[in-house]
Amino acid sequence: GYIMASKRANLVLTFNELDLLKHIDKNEDCTEAFRKLISKGYRLSLEVTLKTLELPDELYSLFDYFQFDIKYFDENFDDISHSSLTLKRSIEKILKYKKRVVVSSVNSWSDMELRIQENLRYLAGDVISPFNEMILPINKKVTDKIKKIKKIVMEKDYKVLRLCDVIEA
C-alpha cells in the first residue's frame with residue numbers, strides 16, 4: 001500500500017534520527033525498506049536530533065533532506081550559548097552527503113543572518129512568517145530584509161575573496 005500518484009505529489013516522509021536509532025536493529029539492514037519507499041516515489045527527510053552521526057552511513061545517504069530545529073538544539077544541548085555551536089557542528093557533519101539542509105525555528109533576525117552567513121538556503125521560522133494553518137504569502141518587508149541581509153553577507157564574502165586574491169598576487 002502506498003498513496004496513489006505519489007510520484008506527482010512530491011511527498012516527503014520525515015523520520016526522526018533518535019526514533020530510528022531506537023528502533024533499528026544494528027544487525028538488520030533497513031536500507032532496503034527505505035529504498036522501497038524511494039522507488040515508490042517518496043522523498044525522505046531526516047530530522048537530525050543527535051550531536052554525532054550514529055546511524056549507518058548508507059542510511060544517511062538515502063535521505064533527500066536533513067532538518068535541524070534550532071529550538072530543539074537550544075532545549076536539549078548544553079546551555080543556550082553552546083547550542084548554536086553544537087547545531088553548526090551537526091550541520092557540518094551532515095554536509096558530506098550533499099543534500100538539502102532545512103533549518104527551522106529561525107525566530108530572530110540575528111539567527112537569520114547567522115544562518116545566511118553559514119550559507120544555508122532553506123530556513124523557516126516565525127521571523128519569516130508566523131505559524132498559520134493556511135498557506136499565506138510572506139510579507140514583502142520580510143523578503144526585502146532577507147535579500148538585504150543576503151546581499152550584505154555576499155558583499156562581505158566578495159571583499160574577503162578579493163583580499164585573498166590581492167594577498168596571493
Side-chain angles (χ1 to χ4, degrees), residues 3 5-19 38 41-53 60-169:
I3 298 171
S6 64
K7 288 184 182 183
R8 290 191 311 251
N10 200 14
L11 294 176
V12 179
L13 301 178
T14 301
F15 297 88
N16 180 285
E17 185 180 33
L18 193 55
D19 288 345
I38 293 167
Y42 296 104
R43 290 183 164 206
L44 305 178
S45 178
L46 183 67
E47 188 178 36
V48 180
T49 53
L50 301 170
K51 290 183 191 182
T52 57
L53 303 179
Y60 282 107
S61 67
L62 293 175
F63 289 94
D64 300 295
Y65 304 92
F66 295 103
Q67 297 177 353
F68 292 85
D69 185 343
I70 293 173
K71 184 178 177 185
Y72 177 85
F73 275 77
D74 285 349
E75 292 172 353
N76 291 286
F77 296 109
D78 304 315
D79 60 61
I80 201 129
S81 62
H82 289 106
S83 66
S84 185
L85 185 58
T86 302
L87 174 69
K88 183 177 181 193
R89 286 181 180 152
S90 296
I91 291 172
E92 287 172 349
K93 290 175 188 168
I94 224 75
L95 289 176
K96 72 179 184 178
Y97 297 102
K98 296 180 173 50
K99 304 293 176 93
R100 291 184 176 143
V101 173
V102 179
V103 179
S104 62
S105 298
V106 180
N107 294 327
S108 71
W109 284 108
S110 58
D111 252 354
M112 175 66 69
E113 187 170 352
L114 179 63
R115 302 306 160 209
I116 292 172
Q117 285 176 348
E118 291 170 349
N119 211 17
L120 296 169
R121 298 176 63 197
Y122 303 98
L123 307 170
D126 286 344
V127 74
I128 298 168
S129 182
F131 174 78
N132 193 310
E133 291 179 13
M134 303 286 292
I135 298 175
L136 300 173
I138 297 173
N139 184 320
K140 183 166 175 13
K141 288 181 183 180
V142 172
T143 58
D144 290 346
K145 189 166 184 172
I146 292 170
K147 287 176 186 176
K148 184 178 176 183
I149 291 171
K150 190 169 183 175
K151 183 179 178 187
I152 290 168
V153 169
M154 290 176 73
E155 285 175 1
K156 284 181 189 174
D157 289 347
Y158 180 72
K159 288 176 185 174
V160 169
L161 289 173
R162 296 254 338 225
L163 179 61
C164 291
D165 289 344
V166 170
I167 291 171
E168 285 180 9

With sequence neighbours left out, the residues meeting ring pair (Phe, Tyr, Trp, His ring centres under 6.0 Å) with F15 are F34
Look at the side chain of E17 and the backbone N and O of T49, then say whether any donor-acceptor pair between them is shorter than 3.5 Å.
-> yes
Side-chain contact test, heavy atoms from C-beta onward, threshold under 4.5 Å: evaluate it for V142 versus K145 and give yes or no.
-> no
Given side chains that start at C-beta, do those of I128 and M112 come closer than 4.5 Å, heavy atoms only?
-> yes
Please list, chain by chain and in numerical order, all residues satisfying side chain to side chain contact (heavy atoms under 4.5 Å, CB included) with K148, sequence neighbours excluded.
-> I152
Please lay out, stage by stage, how Q117 and L114 fare under the test side-chain contact (heavy atoms from CB on, under 4.5 Å).
-> CA-CA 5 Å; Q117 285 176 348; L114 179 63; 4.3 Å; yes
The reported gap from CG in D19 to OG1 in T14 (rounded to nearest 0.5 angstrom) is 12.0 Å
Rounded to the nearest 0.5 Å, what separation is found between the CG atom of L46 and the OH atom of Y65?
-> 14.0 Å
Would you mind reporting whether F63 and Y97 have side-chain heavy atoms less than 4.5 Å apart?
-> no
Do side-chain atoms of D64 reach the backbone of S45 as a donor and acceptor pair under 3.5 angstrom?
-> no
Contacts satisfying salt bridge (charged side-chain N to carboxylate O under 4.0 Å, His left out) that involve residues 121-142 (not counting sequence neighbours) are K140-D144
Spacing of S90 atom OG and L50 atom CG [to the nearest 0.5 Å] | 8.5 Å
Salt-bridge criterion met for R115 and E118 (N-O under 4.0 Å) = yes
Any residue meeting side-chain hydrogen bond (donor to acceptor under 3.5 Å, both in side chains) with S105, in chain and number order, not counting sequence neighbours | D69
Quick one: are D111 and V127 in side-chain contact, heavy atoms under 4.5 Å?
-> no
What is the minimum heavy-atom distance between T52 and Y60, and which atoms define it?
-> O-OH, 4.3 Å
4.5 Å side-chain heavy-atom contact, I116 and I146 | yes
Evaluate whether atom CG of N132 has more than 12 neighbouring non-hydrogen atoms of other residues, nucleotides or ligands under 6.0 angstrom away.
-> yes
If you round to the nearest 0.5 Å, how far is CG of L87 from CD of E92?
-> 10.0 Å
Taking every heavy atom of I149 against every heavy atom of W109, the minimum-distance pair comes out as CD1-CE3, 3.7 Å
Name all residues meeting the ring pair (Phe, Tyr, Trp, His ring centres under 6.0 Å) criterion together with Y72; count only those two or more places apart in sequence or in a different chain, and write none if there are none.
-> none
Is any side-chain heavy atom of I94 closer than 4.5 Å to a side-chain heavy atom of F68?
-> yes
Applied to residues 93-103, the salt bridge (charged side-chain N to carboxylate O under 4.0 Å, His left out) test, sequence neighbours excluded, yields D57-K96
Output the distance between atom CD1 (I91) and atom CZ (F66), rounded to the nearest 0.5 Å.
-> 12.0 Å
